[in-house]
Amino acid sequence: MAQVRLNHIYKRYSNGFEAVKDFHLDIEDKEFLVLVGPSGCGKSTTLRMIAGLEEISEGELYIGDRLVNDVAPKDRDIAMVFQSYALYPHMTVYQNMAFGLKLRKFKKDEIEKRVREAAKILDIEHLLDRKPKQLSGGQRQRVALGRAIVREPQVFLMDEPLSNLDAKLRVQMRTEISKLHQRLETTVIYVTHDQTEAMTMGDRIVVMKDGVIQQVDTPTDIYNHPANMFVAGFIGSPAMNFVEGSLIEEGGEVYFVSTNVKVKIPAGRAHVLREKNYIGKEVVFGIRPEAIHDELAFIEASPESSFEAKVEVAENMGSEMYLYLSGFGDKWLTARVSARTLYTPGSQAKLALDMNKAHIFDKETELTVF
Amino acid sequence: MKNKTNWAVTVPIALGSLLILFPLYLAIAVALKSPEELANSILGLPKEFHLENFMRAIEMTNFFQAFQNSAFVTVIAVVFTILTNSMVAYAIARNMDKTFFKSLYYYLISAMFIPFPLIMLPIVKETSALGMNNLFGLSVLYIVYGLSLNIFIYVGYIRSIPRELEEAAIVDGASAWGVFWKVIFPLLSPMNATVGILTCLWAWNDFMLPLIILNDPEMATLPLKQYIFQGQFSTDYNTAFASYLLALSPLVIVYLFAQKWVISGVTKGAIK
């Protein structure tokens with residue numbers, strides 16, 4: 001049993017700065033939890049408090065049923081993988097992996113057994129006699145994972161373990177870590193600033209900003225139902241489009257209007273806006289790039305959300321195309337369309353919004369209305 | 001494919017090595033000559049090897065006793081300088097955000113700017129008051145007196161070692177003591193070699209401290225013993241140089257051995 005319970009945890013520094021504010025969360029046994037947010041949001045600090053490398057200023061931390069606020073890192077039954085791998089340069093791969101076990105006075109044959117086993121899982125058996133500097137980035141990463149695995153801890157903590165790898169290797173290691181998690185069935189707490197990693201690896205995602213949890217949810221729910229503008233903008237690539245404007249009612253229908261924009265809000269959703277008194281108020285309209293369509297059939301079916309815009313930049317990704325458009329609101333709008341039609345910069349494009357996937361945010365609180 | 005000689009580099013290096021090798025040649029040549037030969041030609045090669053110069057030097061300086069004294073002081077000074085100064089530096093380097101350690105750092109560093117003659121008398125007084133006017137006391141003086149430069153060297157290097165290494169060791173289960181000896185100290189090997197060589201050269205060659213600290217002629221170190229050549233035997237250059245060569249040889253061996261460490265340490269840092 002390795003639940004991790006963070007009970008209203010704060011991190012305050014002596015200069016009064018609060019790096020983490022009221023972090024309250026129950027992490028389930030065997031869960032893969034991802035902490036994500038921009039740099040300086042407190043995600044690493046949170047992880048380091050769980051590891052015991054930072055003191056907890058206020059609140060309680062439980063690992064299993066044990067209160068561990070004042071327990072030394074080595075007695076918390078955790079293992080950590082660092083961003084820089086932190087392999088001991090003067091030791092061989094074998095010694096690196098055996099170090100923790102040796103300190104815990106494991107028997108020699110038990111150490112040997114565990115190290116060989118972990119090396120086999122990670123496919124680094126042939127590297128055991130090498131020094132870290134003789135390894136490539138990906139191999140070092142595996143050794144760092146191996147060092148954590150051999151300890152068979154209750155909780156794995158990973159602090160941006162993939163950010164030093166090149167793009168291709170990162171994708172490969174991403175799936176390997178997921179596989180490893182399935183195999184080991186241990187709780188993993190994983191910190192990253194990369195929303196793709198968060199979306200693809202996490203059972204649940206915690207989005208943080210300025211030391212405060214913005215939202216905790218499954219990847220799908222975070223993506224489809226962001227709690228506020230920050231989460232909506234942070235999760236998803238390319239990012240969600242935001243258009244500032246206001247809501248008006250005409251002939252029993254609700255419209256969102258802005259510069260060159262007038263789109264109808266579907267009746268079911270308009271009802272929510274009326275109830276919450278948003279008619280006539282300034283709001284922020286949000287639409288994800290893939291909810292903007294260029295298929296003729298879709299445009300014809302939704303005349304009340306169709307529009308024409310000028311293609312400023314077209315990025316061909318091969319299977320799809322990112323269009324950066326002007327003429328809808330004040331800022332450029334990003335659309336993600338199929339690469340069937342080749343748009344050229346300067347051309348006009350006819351598009352339509354999938355209004356059932358649109359979001360409205362309160363302009364002042366930045367919270368989601370729907 | 002032929003490598004072209006880079007004359008712009010080769011010429012200064014050749015001149016530089018000449019500058020170092022010439023006095024060495026002179027010392028060896030003089031040590032092997034007889035006084036008559038030396039009078040005839042200072043620079044010329046010895047015609048026959050007068051090894052009795054060395055025998056005489058050994059007898060006159062009571063070489064083995066003095067060698068033993070010098071070795072004792074140097075070994076104690078080098079070993080304990082490396083062990084203790086690195087520990088102090090580690091404590092300082094990792095606590096530089098705290099006022100106490102920061103002041104301690106600058107306090108120790110500032111000692112580098114205090115000229116030796118200024119503290120010479122107090123040192124004599126204090127060591128004799130504490131009954132430390134012996135070889136052991138001399139070693140302690142080297143350990144403490146070297147602190148300022150060594151701390152400067154160590155602290156700079158330790159601060160370049162990523163903290164994550166220590167954190168990894170802490171999570172792995174090491175205590176502060178364990179972190180230092182199992183992770184930090186092995187990584188300090190290039191600095192340990194540098195500090196070791198500097199301390200070794202200093203303690204072995206130093207004349208002033210032994211002169212003012214040691215009263216008992218039985219305890220005299222090599223440089224102190226060799227001082228006799230300056231007066232009594234002012235004309236006996238052959239014996240004097242033979243004695244210098246004898247004193248020099250162990251250091252050259254130590255240096256050649258430790259130099260490998262320094263070079264490997266420097267390149268290790270460069271690759272990273």
Side-chain angles (χ1 to χ4, degrees), chain A residues 13-15 44 47-48 50-54 71-92 95-106 111 131-135 140 143-151 153 155-161 164, chain B residues 82-83 86-87 90 93-102 154 157-196 258 260-272:
Chain A
Y13 290 104
S14 50
N15 60 6
S44 282
L47 192 78
R48 291 168 59 82
I50 300 173
L53 296 169
E54 297 268 358
V71 174
K74 66 183 168 98
D75 301 322
R76 291 191 182 193
D77 205 3
I78 46 144
M80 189 155 169
V81 179
F82 293 85
Q83 181 176 356
S84 64
Y85 321 135
L87 300 178
Y88 312 122
H90 57 294
M91 298 183 196
T92 62
Q95 289 166 333
N96 260 287
M97 288 167 71
F99 187 68
L101 299 177
K102 248 188 195 162
L103 287 174
R104 275 155 225 270
K105 309 247 182 314
F106 274 72
I111 295 178
K131 291 268 178 76
K133 70 172 176 192
Q134 296 166 291
L135 304 178
R140 286 182 203 186
V143 177
L145 284 170
R147 195 169 60 179
I149 292 174
V150 292
R151 294 253 319 276
V155 184
F156 277 108
L157 306 175
M158 303 195 185
D159 189 2
E160 310 214 14
N164 282 2
Chain B
I82 291 176
L83 294 185
S86 60
M87 266 199 272
Y90 176 60
R94 286 306 188 225
N95 290 294
M96 277 299 247
D97 50 333
K98 296 190 180 104
T99 324
F100 171 74
F101 286 95
K102 202 167 190 170
Y154 274 127
Y157 192 76
I158 292 172
R159 293 182 83 176
S160 74
I161 297 175
R163 248 173 211 260
E164 283 195 343
L165 277 182
E166 287 161 60
E167 288 172 348
I170 290 170
V171 173
D172 265 344
S175 58
W177 188 254
V179 170
F180 179 74
W181 291 113
K182 296 209 170 85
V183 177
I184 298 296
F185 192 74
L187 293 179
L188 288 179
S189 49
M191 288 305 111
N192 289 339
T194 309
V195 167
K260 264 170 74 180
W261 285 87
V262 176
I263 292 169
S264 84
V266 170
T267 46
K268 209 189 281 172
I271 287 165
K272 181 92 207 302

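Residue numbering restarts at 1 for every chain, and letters A, B, ... go by the order of the sequence lines.
Pairing each heavy atom of B:E164 with each of A:A86, the nearest pair is O-CB, 3.6 Å. The two residues B:D172 and A:R151 have their closest heavy-atom pair at OD1-NH1, 3.3 Å. What you find for B:K182 and A:L103 is that their closest heavy atoms are NZ-CD2, 3.7 Å. Taking each heavy atom of A:R147 and B:A168 in turn, the nearest pair found is NH2-CB, 3.5 Å.
Without hydrogens or angle criteria, A:Y88 side chain to B:A169 main chain gives a donor-acceptor distance under 3.5 Å.
Heavy atoms of A:L53 lying under 4.5 Å from chain B belong exclusively to its side chain. Neither the backbone nor the side chain of A:L101 comes within contact range of chain B, judged by heavy atoms closer than 4.5 Å. Heavy atoms of A:R76 lying under 4.5 Å from chain B are absent altogether.
Remark: A:R104 CZ is packed, more than 12 non-hydrogen atoms of other residues, nucleotides or ligands lying under 6.0 Å away.
No side-chain heavy atom of A:M80 sits less than 4.5 Å from a side-chain heavy atom of B:E167.
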